[in-house]
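Notes for the one structure printed next.
A note on names: the letters A, B, ... follow the listed sequences, proteins ahead of strands, and every chain is numbered from 1.
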2 protein chains.
Amino acid sequence: MRPDDLPHIKDLPLFSEMEEERFAQLVEGAFLQNFPPGVELFSEGEPADFLYVVTEGHVELYASANNRETVIGILEPVTAFILAAAVSDAPYLMSARTLDKSRLLMIPASKFREMTGSDSQLTTAVLRELAKGYRTLVKAHKEMKLRTALERVANYLLRENKRQGSAGHFVLQHDKRILAALLGMTPENLSRAFGSLQEYGVTVEGTRITLSKLKDLETLAKPTTLIDDPDY
Amino acid sequence: MRPDDLPHIKDLPLFSEMEEERFAQLVEGAFLQNFPPGVELFSEGEPADFLYVVTEGHVELYASANNRETVIGILEPVTAFILAAAVSDAPYLMSARTLDKSRLLMIPASKFREMTGSDSQLTTAVLRELAKGYRTLVKAHKEMKLRTALERVANYLLRENKRQGSAGHFVLQHDKRILAALLGMTPENLSRAFGSLQEYGVTVEGTRITLSKLKDLETLAKPTTLIDDPDY
DNA sequence: CGTCACTTTGATGCTGATCAAAAATGGTGG
DNA sequence: CCACCATTTTTGATCAGCATCAAAGTGACG
C-alpha cells in the first residue's frame, strides 16, 4: 500500500475518530488495490473475508436468484461497503463487481471484527455508518414497493439533477442497462420510460439528460424527502 | 414500570451484556406500556423520540407515498425496532402500529444515544442487532426484486411452515390483507395466488394452511438460504 | 342477529416483461 | 484514421402478471 493513500482513508467518517496507533494497526493487514472494470470482487454466499472501501471508481452490488439478476446499489468514492456481513461474520448476501477502473481498500474482516470489539471510537463510527446504510436501504425498498417504474425513473432523474448541481442538465453516471436493473425494470422499459417522459420536458441524448419542465416532472414524480433525500 | 418486567428485558441480546447499573440507568427514563390493537405508535417523518421494544403482541411497520401504503415488516416479541432512526437522531422513515394487544418498552432516544456513546458493551450489542436488521432488509429487498408475487407467496408459506415446526400445517399469523401488503401485492391477488397454489398441495381454510406436496411447492418456490433463511 | 370489515370471485385494463430485430455506440486492430 | 466487431440501446409486437373496480360471500363482534 502506498503511504500517501493513508491520510486520504483516515479521513473517512469511519476512521477519522480513531487514534493514529489503532488506525495503523487496523490498516497494517489491509490491501489497497487497483482493479480494471468488470471484475467480480466477491459473490453472494461466500464467507465475508474482507470489508471494502471504494476510494476511486464505482462498485456495483447485485444479487441473483432464479436466473434473474438485479442491482441493489452502486457505490461511489468514498464509501465502505458490506459492513453488515463483516460485522456479523456471515456470508455476503450480495455480489460485487467493479464498474470502472477502481481502487479499493480491503480490510480483513477478522481484523476488523477484532478491532470493533476493542476500539469504542471505531465501534461507534461503524454503528453510525451502518445506520446510514440501513436508512438508504429502507428508502430503496419503499421506492420499489410504492412507486411505478415510470415514477422511479422520474424521481431518479430529479435526484441526479440535484446531485449534479441542479443545473437542469446532467450526465447519466451508468449504462442504461445497469440503471434499469437498479430501478427494478428491463432496459427496454427504461428506454420507453424516457420516451414517455419527453412530454414532461425530459430530453435524452446518449448519456446527456436535460430537464426543461422541472415543475411538470415533479408533479408526476411527487418526490418526498422520506425516499429521495439522501441526508434524511 | 412493573419491576418484574425488567429481568425479561435485560435478557434481550441488546441489553444482556450490560452492567446492571448501566442498564438501570438506561431504563429509568423508559416506559413499559400496554396498547390495544390498531394504535399508531408513530408516523413517518416525525423525529425519532423513542427506541421501541415489543415484549408482547405484534407491531406493523409500514410506509406510505402517493396514496399507496405498504408493509415493510411485522415484528414479534422480543424485538427492538427503529434502531437506525434512534441511533442517527433522524426522522422515522416508517410508521408503526400495533396489530394485537401489545406491550412495548419505550426508551427515550436521547437517553439511548447518550448511553451508546459511553457504554461500549451496549454499542457493540446495538451494532450487532442493527447488522442483523440490515441483512433482514436486504433479503426482503432481494425477494421483492427477484421474485414474482406467486413465488413470494410460495416462499412465505415454506418459511412459515418451518418456523411453526415443519409439521406441514400451520396457522397464518396475520390478516390476509396485511400479509398481501407485506408480500407486495393486493389482497385480491393473494387470494388468487392461494387458488393457484392448490395444485401444489396448498390448502387454505380460513387461517389454517396445509402443505401436502412440499416437494412440488419447493420446486415452484425455489427457496434459497440467501433470502429465506432468517439465521443467515 | 345485524353491522362492519375482511375475503373471495369475476370482468376488465394497465404495467411491465419477453421476444425479435434494427439502429446506434464504442472500443480495437489494421 | 478508418473499418469492423461486440455491446448497448431502441423500436415494435405480443403476452403475462398484477391492479383495479364491482359485487357477492363470510365471519367476528357488539
Nearest whole angstrom, please: distance from the [atom2] of [N] to the [atom1] of [X].
| X | N | atom1 | atom2 | value |
| --- | --- | --- | --- | --- |
| A:Leu220 | C:dT15 | CG | P | 11 Å |
| A:Lys145 | D:dC18 | NZ | P | 14 Å |
| B:Arg147 | D:dC18 | CZ | P | 13 Å |
| A:Ile209 | D:dT9 | CD1 | P | 12 Å |
| B:Asn67 | D:dC21 | CG | P | 11 Å |
| A:Leu172 | C:dT25 | CG | C1' | 15 Å |
| B:Leu146 | C:dA17 | CG | P | 13 Å |

Quiz prompt | side-chain hydrogen bond (donor to acceptor under 3.5 Å, both in side chains) partners of residues 223-232 of chain A, not counting sequence neighbours, each pair once | solution = A:Arg147-A:Asp228, A:Arg159-A:Asp228
Quiz item: Near DNA chain C, under 4.0 Å by heavy atom, which residues of residues 175-204 of chain A?
Solution: A:Gly184, A:Met185, A:Thr186, A:Glu188, A:Asn189, A:Arg192
Taking distance alone, no hydrogens or angles, what donor-acceptor pairs closer than 3.5 Å link side-chain atoms of residues 174-196 of chain A to residues at least two apart or in another chain?
| unit_1 | atom_1 | unit_2 | atom_2 | d |
| --- | --- | --- | --- | --- |
| A:Lys176 | NZ | A:Gly206 | O | 3.0 |
| A:Thr186 | OG1 | A:Asn189 | N | 3.3 |
| A:Ser196 | OG | A:Arg192 | O | 3.1 |

Closer than 3.5 angstrom, by distance alone: can the side chain of [X] be matched with the main-chain N or O of [Y] as a donor-acceptor pair?
| X | Y | answer |
| --- | --- | --- |
| B:Thr98 | B:Val59 | no |
| B:Ser102 | B:His58 | yes |
| B:Lys101 | B:Glu56 | no |
| B:Thr207 | B:Leu172 | no |

Practice problem: Please find out if less than 6.0 Å separates the ring center of B:Phe42 from that of B:Tyr52. | Solution: yes
Quiz item: Distance from B:Ile227 atom CD1 to B:Lys139 atom NZ, nearest 0.5 Å?
Solution: 10.0 Å
Quiz item: Between B:Glu218 and B:Lys215, does at least one N-O distance fall below 4.0 Å, as a salt bridge requires?
Solution: no
Please tabulate, one pair per line, each protein N/O and nucleotide N/O from nucleotides 15-17 of chain D that are separated by under 3.5 Å, including the distance.
none

Please list each protein N or O that sits under 3.5 Å from an N or O in nucleotides 1-3 of chain C, with the distance.
none

Quiz item: Listed by chain and number, what are the salt bridge (charged side-chain N to carboxylate O under 4.0 Å, His left out) partners of B:Arg97, not counting sequence neighbours?
Solution: B:Glu60, B:Glu69
Practice problem: Please tell me if the side chains of A:Gln173 and A:Glu76 come closer than 4.5 Å, counting only heavy atoms from C-beta onward. | Solution: no
